[in-house]
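Written out below as structure tokens is the structure these notes cover.
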Amino acid sequence: MSNKNYWLIKSEPDAFSIDDLKSCPNQTEHWDGIRNYQARNMMRDQMKIGDLAFFYHSNAKPPGIVGIAQVCSEAYPDHTQFDPDSKYYDVKATMDNPRWMMVDFKFKRKFKRMITLDELKKIPKLEDTPLLRKGNRLSIMPMSPQAWEIILALV
DNA sequence: GCCAACGTTGGC
DNA sequence: GCCAACGTTGGC
């Protein structure tokens, strides 16, 4: 019985695509800029090294899942919160009391084709998955093992 | 602690 | 570019 958790992480491909992740040194990059408490809490409290995440391209034409990344660090303070020149700067965050955390992701796999949001919407068994629930804008979402397998079978 | 105003996300 | 949904902020 695996105790691995499954996730979905969103990124706008114009800003950071799965190909960008693949091109990073060691195919690994820190996932900075998360500024939502729910997303932060999931990263901080539930993500474990070895967890897998679907890499989702949001604000794309069309949007959809393009591959898989793997969590490869514990959560640690997001350095951009301390940088006044960063758009993620947070005046209320201090080194002693950081507010925002991040983990590192490693490229795992790029699918031969994108599994589009439109396609996912047509699968009745996935209707309760957070990604497909109306109004859910979280940039990090949990996925059940069942939903993970269903989607993987579409590739 | 309420809630109106405001900002952001992200599909369309 | 529009707008629904929803999170955050701040006055009270």
## Note on the structure
At a 4.0 Å cut-off to heavy atoms of chain A, the contacted part of DNA chain C spans dA5(C) to dT8(C)
#### Entry: Nearest-0.5 Å distance that lies between atom OG1 in Thr80(A) and atom CG in Asp32(A)
5.0 Å
### Task
Using only heavy-atom distances, determine whether the side chains of Gln27(A) and Lys22(A) contain a donor-acceptor pair under 3.5 Å.
no
## Note on the structure
In numerical order, the residues of residues 135-143 of chain A whose heavy atoms come under 4.0 Å of DNA chain C are Gly135(A), Arg137(A)
### Task
Select base, sugar-phosphate, or nothing to describe what Lys61(A) touches, counting heavy atoms under 4.0 Å on all strands.
nothing
If you look only at distance, which donor and acceptor atoms sit under 3.5 Å apart when one is on a side chain in residues 130-151 of chain A and the other is two or more places apart or in another chain?
from, atom 1, to, atom 2, distance (Å)
Arg133(A), NH1, Asp128(A), O, 2.7
Asn136(A), OD1, Leu138(A), N, 3.2
Ser144(A), OG, Ala147(A), N, 3.0

### Task
Provide the full list of ring pair (Phe, Tyr, Trp, His ring centres under 6.0 Å) pairs with a residue in residues 70-94 of chain A, sequence neighbours left out, each pair given once.
His30(A)-His79(A)
### Message
Suppose we screen for side-chain hydrogen bond (donor to acceptor under 3.5 Å, both in side chains). Which residues come up paired with Trp31(A), at least two apart in sequence or across chains?
### Response
none
#### Entry: Distance, nearest 0.5 Å, that separates SG of Cys24(A) from NZ of Lys106(A)
10.5 Å
### Spacing of CD belonging to Gln81(A) relative to CE belonging to Met95(A), to within rounding of 0.5 Å
8.5 Å
List the atom pairs, donor and acceptor, that lie under 3.5 Å between side-chain atoms in residues 41-55 of chain A and the rest of the protein, sequence neighbours left out.
from, atom 1, to, atom 2, distance (Å)
Asn41(A), OD1, Arg44(A), NH2, 3.2
Asn41(A), ND2, Tyr37(A), O, 3.3
Lys48(A), NZ, Asn3(A), O, 2.8
Asp51(A), OD1, Asn5(A), N, 2.9
Asp51(A), OD2, Asn5(A), ND2, 3.3
Asp51(A), OD2, Trp7(A), NE1, 3.1
Asp51(A), OD2, Lys48(A), N, 2.9

